[in-house]
Each structure stands twice: as C-alpha cells, then as structure tokens.
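Comments concern the structure below.
Remember, predicted model here, so these are calculated numbers, not experimental data. Chain letters run A, B, ... following the sequence lines, proteins first, then strands; residues in each count from 1.
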Amino acid sequence: MPELPEVETIRRDLNKELKGRKILKLKFYDWAKMLKPDPETVKKAIEGKKIKEFDRRAKLLLMHLGDHGTTIVFHLKLTGQLLLKKNTDPKDRFNHVIIQLDNGDELHFNDLRKFGYIKVIKDKEELKKLLSDFGPEPLTKEFTVEVFKKILKKTSRNIKTVIMDQAKISGVGNIYADEALWRAKIHPEKTAEKLTEKEIQDLFDALLFVLKQGIEDRGTSVDSYLDVYADEGKHKKNLKVFRLDKEPCPRCKTIIKKIRVGGRGTHYCPACQVK
DNA sequence: CGATTCCCCTGATAGC
DNA sequence: TGCTATCAGGGGAATC
C-alpha cells in the first residue's frame, strides 16, 4: 500500500522522466469513477498541457500543469500503480487510465481494487484548501519533536490511530506506523497523551528513521506496490513486524502478535511494546 | 470531540 | 472441482 515513501519514490522518478513533457491524450477504459469530478473534465484539463512538476503532499501525488494553476491529484490508495510505459506496450489486466505523452511514453494507472483516483484541482485556491486539511510533513523542518508532542498531548485516542491520522501527521500508513511503534517500543493501543517524554522522542526518531529508510529502499512491496519502472521496493527485507505475526520478534524472539486497532490489522511484539 | 460502522472493490484463502 | 464466506485496507460519510 503506497504510503509516504512509496509516493515519494514515484514522485522523484516521474520528475526525472516526465518533467516538461506535453500530454497528448488521456484514455480511460472501464472505470470512469476514478476520474473526478468526471472523465470529460479531466480530459479537458490535461490534454494539450505541459507537465510542470510532480509534487507530493501526504500520500497524494500532485502533477502541476504549466497553465498557471491546474493541478492533477493522484491517490493510489491500497493497490494503485503508476507505471511508465511505451505506446507500443500492451495495457495490464488492471489498467484503467492511460496518459499519452508527446515522446511516445505513457503513464498507466492500474488499480486492482479500484479505490484510487485522479482528480482535477482547477486553481491554487482549491489546491490550498485541499492541502490545508493535512497535518505536518514528517520529513520537513516544520515537524519538530515539540510539534509532535503538542499533537499527542491533546488527544485521548490510541497512539497508532493518531500517527495514521492524516489531519495530524501526513503520509504515515499501516506499514510505517507498525514499524515505528516497534522501533520505539510503544504499544499501539497506548493512549497518545500518556506517552512519556522519552517515548515521544523515541517515536519521533523512529518515525523519521523508518520513513527515510523506506525512501532509501524505494518503498515496500507488500500487496501490489511497484515503482514507475514496475520494479519492487526493497524495504520488505527491513520490516520488523508488519505482516510478520507468528514470527519471532527480531529484538527479543517473542512471537509477534496481530490485533486490530482502529479497524486496521496491527502487528507488534507483546514483550517489547508495553502500554 | 471521539468511537464505531458501513461503504467502496476484488484477489486470495479457507472450509466444505 | 467449485461453491461460498471471510478478509485485507485508505479514507469519507453517517450515526450515536
């Protein structure tokens, strides 16, 4: 499932590959619902336009167009893929949208479960409003341990739900939340406001560590994540608990447990991670 | 405000 | 073999 490190990997590669290219045509096949507000608006907004730059906010990939203000937002949700292809390549089984570029390259949006979407943001004002709903970006200087502490101190929700709440912190999903909590030795159901000073600092450090390592590894390929070259990310080998229930904890050898927290499958070590 | 549930989807897996 | 039930999950909406 594409989270901050996966979307960031895609953003960097697309900037390298497609910046400055002109979009010729958008083709869609079997799933008009993924084009918002509707397919005609998306076609009209992007056909004939130049790609200015790819940006990222939380798990959103933003494609700024060179026409003073239009931005196309991509959300990959659970199983979305953005793949770079040639116009001679066949489309994949779960392909729904193809964006054709002026050099024969194509950007294919595939999505097995059809939760992902492509959305037109018509101007800077609308973009600003959309982005204002998100909490701080964890890998920027605005995200300090003091900022993190303030977020945690005013909620009685469990810590895992809080760090996955996009309105509180941007970009952390199920994989990196479980991994950061394991690294910081904090139980996922611990009440956020009850974290000690040390736990706050440890979790802050752990979040930055796992997100940075995730980017260095070009993402985690569980489920169907692939980068734009259709290659798997290498972070799976660095996972300590995620989807490793019934395996021994890499730190203490206790068997990893799986529970549900906030409706999400949650993996943790019952010995290392205490409430 | 928070907690819970439903919904959107479909491949994989388990049980019969 | 093939059917059916269950599960996975980001995030938005509805309800209490």
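Glu189(A) places its CD atom 10 Å from the P atom of dT4(B), with the value rounded to the nearest Å. The interatomic distance linking Lys33(A) (NZ) with dG12(C) (P) rounds to 16 Å, in whole Å. The distance from atom CZ of Arg260(A) to atom P of dC6(B) is 13 Å, rounded to the nearest whole Å. Straight-line distance from the NE2 atom of His267(A) to the P atom of dA8(C): 9 Å, rounded to whole Å. Ile151(A) places its CD1 atom 15 Å from the P atom of dC1(B), with the value rounded to the nearest Å. Across the protein-nucleic acid pair, Asp165(A) atom CG and dT4(B) atom P stand 15 Å apart, rounded to whole Å. Rounded to whole Å, the distance from OH on Tyr117(A) to P on dC9(B) is 15 Å. Taking atom CG on Asp223(A) and atom C1' on dC9(B), their separation rounds to 13 Å, with Å as the unit.
For Lys19(A) and Phe54(A), the positive end is not near the middle of the six-membered ring at less than 6.0 Å and at most 45° from its axis.
Hydrophobic clustering, with ILVMFWY side chains joined whenever heavy atoms are under 4.5 angstrom apart, groups Leu76(A) together with Ile118(A).
If you find the closest nucleotide of DNA chain B to Lys168(A) and to Trp31(A), the one lying nearer the 5' end belongs to Lys168(A).
Side-chain atoms of Met1(A) lie closest to dG10(C) of the nucleotides dA8(C), dC8(B), dG10(C). In this structure, the nucleotide among dC8(B), dA8(C), dG11(B) sitting nearest to the side chain of Leu112(A) is dG11(B). Which of dG11(C), dA3(B), dC8(B) sits closest to the side chain of Phe115(A) comes down to dC8(B).
Within the structure, a side-chain polar atom (N or O) of Lys258(A) is placed less than 4.0 Å from OP1 or OP2 of dA8(C). Close to dG11(B), at under 4.0 Å from its OP1 or OP2, lies a side-chain N or O of Arg93(A). Remark: Lys154(A) is not in phosphate contact with dC1(B), judged by side-chain N or O atoms under 4.0 Å from OP1 or OP2. A sub-4.0 Å separation between OP1 or OP2 of dC1(B) and a side-chain N or O of Arg157(A) is absent. Applying the 4.0 Å criterion to OP1 and OP2 of dG11(C), one finds that Lys59(A) has a side-chain N or O inside that range. OP1 or OP2 of dG11(C) lies within a sub-4.0 Å distance of a side-chain N or O belonging to Gln166(A). An OP1 or OP2 oxygen of dG10(C) is reached within less than 4.0 angstrom by no side-chain nitrogen or oxygen of His75(A).
Heavy atoms of Lys114(A) sit under 4.0 angstrom from primed sugar atoms or phosphate atoms, though from no base atom. Here Thr155(A) lies in heavy-atom contact (under 4.0 Å) with sugar-phosphate atoms only. As judged by a 4.0 angstrom heavy-atom cut-off over every strand, Arg264(A) is placed among the base-contacting residues. Within the nucleic acid shown, Leu78(A) comes within 4.0 Å of at least one base atom, counting heavy atoms only.
The pair Arg183(A)-Asp178(A) fails the salt-bridge criterion, with no side-chain N (NZ, NE, NH1 or NH2) lying under 4.0 Å from an Asp/Glu carboxylate O. In summary, Arg21(A) and Asp105(A) do not engage in a salt bridge, as defined by a charged side-chain N under 4.0 Å from a carboxylate O.
Between the side chain of Arg113(A) and the base of dA8(C) there is at least one donor-acceptor pair of N/O atoms closer than 3.5 Å.
Remark: the Asp217(A) side chain and the Gln213(A) side chain contain no N/O donor-acceptor pair separated by less than 3.5 Å.
Aromatic ring centres of Tyr117(A) and His96(A) lie farther apart than the 6.0 Å criterion allows.
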